[in-house]
Amino acid sequence: MNTLVIVLIAAVLLSAAYVLYGRWLANKCGIDPKAETLAKKFEDGESSSAIHISQQSSH
C-alpha cells in the first residue's frame, strides 16, 4: 500500500479517536462552563510570560 494512503488513514483514525474520546470524557466527567479555572482562581496580577532584565538570574 502506498505510504501516503497509510498516513492518511492513520490521521483520520487518530482524529476520530480524539473527537470520540473527548466527547466520551466530557459526558463521563461533565463540563461546567461556569466553573472557575485554576488560572483565574490563583491569579496574582503578574504576567509570568514577561521576564524583566532585573528578574533574570545570573546563572
Legend entry - Under 4.5 Å side-chain linkage, directly or through intermediates, the cluster mates of Ile31: none
Inset, instruction - Any chance you could measure Tyr21, atom OH, to Lys28, atom NZ, to the nearest 0.5 Å? - result: 9.5 Å
Per-pair distances, 0.1 Å, donor-acceptor, side chain in residues 2-17, under 3.5 Å, sequence neighbours excluded:
from	atom 1	to	atom 2	distance (Å)
Ser15	OG	Ala11	O	2.8

